[in-house]
Structure formats: C-alpha cells, structure tokens
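Let me begin by presenting the structure, written as structure tokens, before commenting on it.
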Amino acid sequence: MLQVQFIRQNKDLVLERLALKQFKELSVVDEVLSLDDRRKKLTLEYDETQAQVNVSSKEIGKLMAAGDKEGAESRKAAVATLKQRLQPINDELKQVEENLTLALYKLPNLPHSSVPAGKTPEDNVVVRSGGPMPTLHAGAKPHWELTSQYDLIDFELGTRITGSGFPVYKNKGAKLQRALIQYFLDYNTDNGYTEFQPPYLVNAESATGTGQLPDKEGQMYHVTEDGFYLIPTAEVPVTNIYRDTIIKESELPIKMTAYTPCFRREAGSYGKDVRGLNRLHQFDKVELVQLVHPDTSYDTLENMVQHVEKLILSLELPYRILRLCGGDMSFTSALTYDFEVYSAAQGRWLEVSSVSNFEGYQTNRLKARFKDSHGKSQLVHSLNGSSLALPRILACLLENHQTADGIAIPASLQPYFGSAKIG
RNA sequence: GGUGAGAUGCCUGAGUGGCCGAAAGGAACGGUUUGCUAAACCGUCGUACGGGUCAAACUGUACCGAGGGUUCGAAUCCCUCUCUCACCGCCA
C-alpha cells in the first residue's frame, strides 16, 4: 500500500497518477488524509492521558510504600476518572485505524512516469521484439492437436481426475516440462539468484502482504478448513520470506528464484482463451523475486527484462516486449513489462512473463525494510518476473518448432531433454 | 490425535506485581592501543506511532509469541489461540 506521508506530501501527483491507472474513486485520497489526521489527534490525546495514568500509578506505589493509605486511595479515584476518558478515545482510535487501513487497501500503486496512458491492452506499447518467426509447413497444427498426436498431454484425463484446466502431462510431454523447469532454474541460479522451494499454501497474512488479499480474493483457491490459500504464483511465498524483517543494507540486492505450481480459479474465462494450454487452473512457473535498494530498482527492472529476454531467445521463439499502459497494469505494480511469445499455429501472442517493479507498495504491507547509512529504516523495493510460465512456452515450442516429421528441440534445451526432437 | 514443557532484544539467557524497554555474556558496529594477526580497553548497539526541531537534541505512548482479562500498576497473575520442543500414537 501507499505510504500516507507520501500521499500527504504529494497529493496532486498522487491524484494524477491514480487517474493514469484509470482509478476512479479519487475521493479515497481525501478520506485517507482525513482519517490520518483524526488518527494523529486521537493518538496524541490518548498518549497524554495515558501518561497521566502512568505517573499517578507510580505515585500510588510510593504512597503505599510510605504507608499513606488515604493518599493512595484518593489517587486511585483520580486514575479511575482518567481511565473513563481513555476508553472512548481508544475505541474510536481503533475504528479509525481500521478504516484507514481499509482505505489504503483501496488505493492501487502509482504508475511510474514512463507508463503509457491508456485503458486497454491495445494501448500497451511494444518496446521491442525479436526471435525467429517460423514458417510453418502446410499441415501445421495448433498445440492441442500436437500434444495428442505425440501423446504428450491428456486434457480429458485431467478433466476426469479433477476438472477442466488440470491437464495430465505424460511421456515426452512430462519430460519436456521437467527439462524446462530444470533449465530455467539453472539459468537463474547461474545468474546469481538463490533457489527456494516454498510452501504452495499460504496464510492470509502472506496473501495480504503481496496484495492478493483483499483485492483479488476470488482468484485464489481457498482452503477454508485451515484458512490457507493455494498460491497463484511463487511471488506470494517467496516475497513473504522477508515479511517483518529489517535487512542489512549490505545484503541488498536479494535475488531469489523458485519453481512452483500455480493455482488460479480464473473465473469467467472461456472460449479460445482457455483452449489447450492457453489458460489453466494449475500450471508450473519459475519465478524471480528481487528485493533491492530503492535507488536502483529501475536498473534492476531493466536487468530482469534482459535476463528474461535472453532466456526466451535461447528457446528460439519469436517474442515481443510490451510496456503496459496505466489501465492494463496490475493493482500493485508501478511499471510492468509483459513478454509475449507468438503462437504460430494459433496466430496470436501469448503472455509468458510479466516483469514488474512494485517499488514500496508490497514492502509497505510486508514491512520489509533496510537500515540506510543514516541508521533510518526505509522500505526496500520489490520486483518480480516469470522466467518463465511453462504451459504457454510449451505450446509455442510445439507449434513453432513443428516440422512434417516431428518437433525440434532447441539446442539450449537438448542437454536437459536428452534428445533433439520429439517424434 | 494424546500427554508434558516452553515462547523474553541479532543469539544465549536472567527476570514471579511498581525501581524492567528489560541484567549478564556473546555477536555486530565505531574507537584507543598495536610491526601484522590476536588480545585488551572504551563506547554504540530494538521497533512502531506521536509531540518537538530547518535538522537534531529532547520527549510521550505501545510492544517481552498473538488476542482478551484482573489490578491504581503486568514480561511477571488468569483465560483463549498460535507456534516450538520432548515422548506416545499414526504416517509419506
């Protein structure tokens, strides 16, 4: 969430940026400020009254020790009066603090100055593109036919075991999946990221920390029996590794990577969006998370973009990088680059990675801070990106590298997959 | 799942009603000494939210797992919960 002090000092900027993000309830900004004013007044009143109580209590102790029972009793009566005043102040203070938090939760992160104006995906800006655009042979097929032809994935079986959107990978399909995960993780750790295997279920505090709650409650599977949520991305458990911690400045940047399955309810999706591997309820992803000094977070963002770009290039896939417009960005992000890979047989671009700088928005909720050179704690900036989401990469690999007599495996992947082609 | 013991600052660990935001030791950081290393010595060494200030100094409140309660006053007493450890049961 945004820092109240920042909102107070930069109100005009905040309003302007919220508008860029297509945020309509601008009155929330004033609500936050007035609630914070009220909170300060009440806090002062409470603290001053409580201070009197504390002083009196000490005096009572001394009077008792001195054997002055009467003096002690009269003091007690005075304290009782003070405490009666305290009660309603405290009640209101708690209410105000709760409302303030709720109001702050309503405000999305502010887009960075380089974020393009716009409302829909059409307004996203293509930053650059690359990779070899394939020329498919006459009988080229979409991936859901290839997976069936080569016996790589059984969608119907998954439907029977669980439901739609839970495919069963088998044979070379399962092995390719495993090879990709291994390759991605090695690539990340070779570049200085520390590998983690986090829990796949998180509690409500963690989901709140990264912004899934309360904003996107319906996106996650909720295990009500124990109050846990299935992770929609490794971002949630991995970023929460540093919840409520003060990091040494010398330890920054913190670079983490993790493979996890991801679970998303994806309510309301339909049609060609969900065909084959395009959109699933369970999928695999290798994620990058960095916690960095605020001064360097945008350099880090560019580094992460290049890191992911090289990985896609090594898979010999055609891609483009988009800078998302204000209206298409996620609630918590300040600047996001999406990577899309061209699905040749479908004739459409599929998002395979999203790399974002959240600045202090997540870390303010998480209370992930570091001590600066003056000894003051400051929020670190958090960033994350996929490297990569597996199903769409798999789909594009199959479609783009298909030939009349099989599917070619990119050279970078062959050591992991163990052969140069499928079929 | 059952029984028992616990949860204190970066770590170990004292503290059973007021003098405790908290002893002591260690680690860390700064300094002195030193041919270098080591040792020794001195100092610093929690967080949040307020007040105050140009900024500091200074100052108030809260926090000893979490939440409630008793009391003029709680790390200390009571209740609930969570977690940790040990043993038993079960089990990949």
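Keep in mind it's a predicted model, so treat the numbers as computed, not measured. Per chain, numbering begins at 1; letters A, B, ... match sequence-line order.
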- Of A:Ala80 and A:Leu44, the one whose nearest nucleotide on RNA chain B sits closer to the 5' end is A:Leu44

- NZ/A:Lys58: more than 12 non-hydrogen atoms of other groups inside 6.0 Å: no

- Message: Does the structure place the NZ or CZ of A:Lys172 under 6.0 Å from the centre of the six-membered ring of A:Phe417, at an angle of no more than 45° from the ring's axis?
- Response: yes

- Query: Expressed in angstrom and rounded to an integer, what is the separation of A:Arg369 atom CZ from B:rA48 atom C1'?
  - Reply: 8 Å

- Task: Determine, for A:Asp37 against A:Lys40, whether the closest basic-nitrogen to carboxylate-oxygen distance falls under 4.0 angstrom.
- Result: no

- Task: Let me know the distance between CD1 of A:Ile89 and P of B:rC49, rounded to the nearest Å.
- Result: 21 Å

- Message: I need the CZ-P distance between A:Arg38 and B:rG50, as an integer number of Å.
- Response: 15 Å

- In whole angstrom, give the distance that lies between atom NZ of A:Lys69 and atom P of B:rC72. 14 Å

- Query: Rounded to the nearest 0.5 Å, how far apart are NZ of A:Lys76 and CG of A:Leu63?
  - Reply: 11.0 Å

- Message: Taking B:rG6 as the reference, what is the distance to B:rG13 when you measure between their P atoms (whole Å, please)?
- Response: 14 Å

- Task: Run the salt-bridge test on A:Lys11 and A:Asp30 with the 4.0 Å N-O cut-off and return the result as yes or no.
- Result: yes

- Query: In whole angstrom, what separates A:Glu251's CD from B:rC29's P?
  - Reply: 13 Å

- Message: Could you check whether atom CD of A:Gln5 has more than 12 heavy atoms from other residues, nucleotides or ligands sitting under 6.0 Å from it?
- Response: no

Under 3.5 Å, which protein N or O atoms sit close to an N or O of nucleotides 15-22 of chain B? Give each pair with its distance.
unit_1 : atom_1 : unit_2  : atom_2 : d
B:rG18 : N2     : A:Ser57 : O      : 2.7

- Can we call the ring centroids of A:His381 and A:Tyr298 under 6.0 Å apart? no

- Message: Measuring only the P atom in each nucleotide, how far is B:rG25 from B:rU44? A whole number of Å is fine.
- Response: 14 Å

- Message: Between B:rG26 and B:rC88, how many Å separate the two C1' atoms, rounded to a whole number?
- Response: 38 Å

- Task: With C1' as the reference atom in both, quote the distance from B:rU76 to B:rA23 in angstrom, rounded to an integer.
- Result: 15 Å

- Note on the structure: Distance col, row A:Asp154:CG vs A:Lys170:NZ, nearest 0.5 angstrom, shows 5.0 Å

- Message: Distance check needed: B:rC72 P versus A:Arg85 CZ, whole Å only.
- Response: 18 Å

- Item | Spacing between A:Leu82 atom CG and B:rG73 atom C1', to the nearest angstrom | 14 Å

- Message: Other residues, nucleotides and ligands only: do more than 12 of their heavy atoms fall within 6.0 Å of NZ on A:Lys248?
- Response: no

- Query: Are any of A:Lys94's side-chain N or O atoms less than 4.0 Å away from OP1 or OP2 of B:rG68?
  - Reply: yes

- Message: Assess the residue pair A:Lys94 and A:Glu97 against the criterion (salt bridge (Lys or Arg N to Asp or Glu O under 4.0 Å)); give the C-alpha distance rounded to whole Å, side-chain angles, the decisive distance to 0.1 Å, and a yes or no.
- Response: CA-CA 5 Å; A:Lys94 284 194 172 171; A:Glu97 282 176 338; over 6 Å; no

- Message: What's the gap between B:rG17 and B:rC64 when it is taken at their C1' atoms, as a whole Å value?
- Response: 15 Å

- Message: Using a 4.0 Å heavy-atom cut-off to protein, can you give one letter per nucleotide of nucleotides 52-62 of chain B, 5' to 3': B if the base is in contact, S if only the sugar-phosphate is, - if neither?
- Response: --------BSS

- Item | Nearest-angstrom distance, P atom, B:rG35 to B:rC54 | 50 Å

- Rounded C1' spacing from B:rG89 to B:rA7 in Å: 26 Å

- Task: Decide if the gap between the ring center of A:His222 and the ring center of A:Phe228 is smaller than 6.0 angstrom.
- Result: no

- Message: Measure CG/A:Asp68 against P/B:rC72 and give the value in whole Å, please.
- Response: 17 Å

- Message: With a 4.5 Å cut-off on side-chain heavy atoms, are A:Phe263 and A:His281 touching?
- Response: no

- Encoded 5' to 3' (Watson-Crick or G-U under 3.5 Å; [ ] crossing; | other strand), RNA chain B becomes ((((((((.[[[..)..(.....]]].(((((.......))))).((((((......)))))).[[[[[..)....]]]]])))))))....

- Between B:rU3 and B:rA92 - C1' atom distance, rounded Å: 25 Å

- What distance do A:Thr120 atom OG1 and A:Asn124 atom CG have between them, rounded to the nearest 0.5 Å? 7.5 Å

